[in-house]
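Reading through the structure tokens given below for one structure.
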Amino acid sequence: MNLILRNVLFVFLLFITTLSFSKERKYSTTSKKAIDRFEKAIAAFDSRLDDEAEMYLKKAIEADPNFIEAYTVLGDMYSNKRKSEMAIENYKKALAIDPSFFPNTLNSLGEEQLKLSKYTEAKENFRLFLKTDIKNAPLKRKAQRN
């Protein structure tokens, strides 16, 4: 049951992330090539073609190494695949570019660090996350418990 709940939560979070990166919203990149690859990645993910989505996200990052959304979604995909080290790496890259662009990344990073018993780092990222303007009350409560 826990695995089912986790997968439902992941799909929900990815859906919310995807909505926040919709065409009405300005991307962190101006590279048309990077945006095209990112949108192909989202379409592939929606079709449950995870390997293809991962490839397009990496190509989007190649086109623009400062494409925050691509790092964030790639981190989410690795988190879902239980590849915490790779998720952490991508979340850190997104945050290094602009930590205020998508503050929920701090929470995601903390969650992955907890999985690897990196408690000091996780606590710091939850603390930073809680200092942001959090709209999602359940996510805020969960971060406070961590």
Side-chain angles (χ1 to χ4, degrees), residues 1-23 25 27-29 31 33-130 132 134-146:
M1 179 66 176
N2 190 18
L3 181 60
I4 293 170
L5 181 60
R6 178 183 164 86
N7 286 335
V8 168
L9 179 61
F10 172 75
V11 170
F12 175 73
L13 288 174
L14 191 59
F15 175 73
I16 295 299
T17 303
T18 302
L19 283 179
S20 70
F21 300 144
S22 69
K23 290 186 182 191
R25 183 160 193 238
Y27 287 110
S28 65
T29 184
S31 168
K33 192 176 201 178
I35 292 168
D36 178 63
R37 291 171 176 178
F38 179 78
E39 290 175 351
K40 285 179 180 177
I42 298 304
F45 180 80
D46 288 345
S47 298
R48 297 186 176 192
L49 301 170
D50 290 355
D51 292 339
E52 186 175 325
E54 181 179 353
M55 176 202 61
Y56 278 120
L57 288 169
K58 288 179 178 179
K59 287 185 178 209
I61 291 166
E62 284 176 21
D64 183 353
N66 291 313
F67 194 0
I68 298 168
E69 296 91 334
Y71 286 114
T72 302
V73 173
L74 192 55
D76 291 344
M77 287 185 68
Y78 287 136
S79 174
N80 190 48
K81 291 180 175 186
R82 297 182 180 177
K83 296 181 177 182
S84 292
E85 288 289 348
M86 295 172 79
I88 288 170
E89 179 183 331
N90 283 279
Y91 292 145
K92 283 183 176 181
K93 286 178 181 178
L95 290 165
I97 297 165
D98 183 355
S100 65
F101 185 80
F102 192 60
N104 287 3
T105 305
L106 288 163
N107 185 65
S108 299
L109 175 58
E111 291 286 341
E112 293 304 311
Q113 290 168 326
L114 277 181
K115 292 175 189 174
L116 298 177
S117 302
K118 296 181 178 187
Y119 302 116
T120 303
E121 296 98 328
K123 183 177 180 179
E124 177 62 13
N125 286 306
F126 290 128
R127 186 188 68 76
L128 292 170
F129 173 66
L130 290 168
T132 67
I134 303 165
K135 307 278 190 241
N136 184 325
L139 196 58
K140 181 177 183 177
R141 284 191 298 274
K142 186 174 180 187
Q144 288 169 329
R145 284 192 308 266
N146 289 327

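Note that the numbering runs from 1 along the sequence shown for the chain. No experiment lies behind these values; they were computed from the predicted model shown.
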Can you tell if the side chain of [X] reaches within under 4.5 Å of the side chain of [Y], non-hydrogen atoms only?
| X | Y | value |
| --- | --- | --- |
| Glu111 | Phe126 | yes |
| Phe102 | Ser28 | no |
| Lys40 | Asp36 | yes |

**OP:** Provide the closest heavy-atom pair for Leu130 versus Ala143 in the form atom of the first, atom of the second, distance.
**Re:** CD2-CB, 3.9 Å

Subject >> Least distance between heavy atoms, Ala122 atom then Gly110 atom >> reply: CB-O, 3.5 Å

Original post:
Hey, mind stepping through Glu54 and Lys58 against salt bridge (Lys or Arg N to Asp or Glu O under 4.0 Å) and telling me if it holds?
Top reply: CA-CA 6 Å; Glu54 181 179 353; Lys58 288 179 178 179; 3.2 Å; yes

**OP:** For the pair Leu116 and Ile88, evaluate side-chain contact (heavy atoms from CB on, under 4.5 Å) and give the outcome as yes or no after the intermediate values.
**Re:** CA-CA 10 Å; Leu116 298 177; Ile88 288 170; 3.7 Å; yes

To the closest 0.5 Å, what do you measure between [atom1] ([X]) and [atom2] ([Y])?
| X | Y | atom1 | atom2 | result |
| --- | --- | --- | --- | --- |
| Phe67 | Leu57 | CZ | CG | 8.5 Å |
| Met77 | Thr72 | CE | OG1 | 13.5 Å |
| Ser31 | Ile61 | OG | CD1 | 12.0 Å |
| Leu49 | Tyr56 | CG | OH | 10.0 Å |
| Asn104 | Thr132 | CG | OG1 | 7.0 Å |
| Thr120 | Gln113 | OG1 | CD | 10.0 Å |

**OP:** Kindly assign one of parallel, tilted or perpendicular to the pair Tyr27 and Phe38, based on the angle between their ring planes and the thresholds 30° and 60°.
**Re:**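 Judged by the thresholds at 30° and 60°, the geometry between Tyr27 and Phe38 is perpendicular.
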
**OP:** Begin from the C-alpha positions of Tyr71 and Ile97 and carry the test side-chain contact (heavy atoms from CB on, under 4.5 Å) through to its verdict.
**Re:** CA-CA 10 Å; Tyr71 286 114; Ile97 297 165; 3.7 Å; yes

**OP:** Applying salt bridge (charged side-chain N to carboxylate O under 4.0 Å, His left out), name anything that partners Glu124, two or more places apart in sequence or on another chain.
**Re:** Arg127

Original post:
Is the closest side-chain donor-acceptor distance between Thr29 and Asp64 under 3.5 Å?
Top reply: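 Yes, side-chain donor-acceptor contact under 3.5 Å.
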
Original post:
Where do Glu85 and Lys118 land on the salt bridge (Lys or Arg N to Asp or Glu O under 4.0 Å) test, with the steps shown first?
Top reply: CA-CA 11 Å; Glu85 288 289 348; Lys118 296 181 178 187; 3.5 Å; yes

**OP:** Ignoring hydrogens and angles, tell me if any N or O in the side chain of Ser79 forms a donor-acceptor pair with the backbone of Gly75 under 3.5 Å.
**Re:** no

Subject >> Check: Asn90 side chain, Met86 main-chain N or O, donor-acceptor pair, under 3.5 Å >> reply: yes

**OP:** Could you list all the salt bridge (charged side-chain N to carboxylate O under 4.0 Å, His left out) pairs where at least one residue sits in residues 91-106, not counting sequence neighbours?
**Re:**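 Output for this query lists Glu89-Lys93.
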
Subject >> Name of the residue among Asn125, Thr105, Asp76 meeting side chain to side chain donor-acceptor pair (under 3.5 Å) with Tyr91 >> reply: Asp76

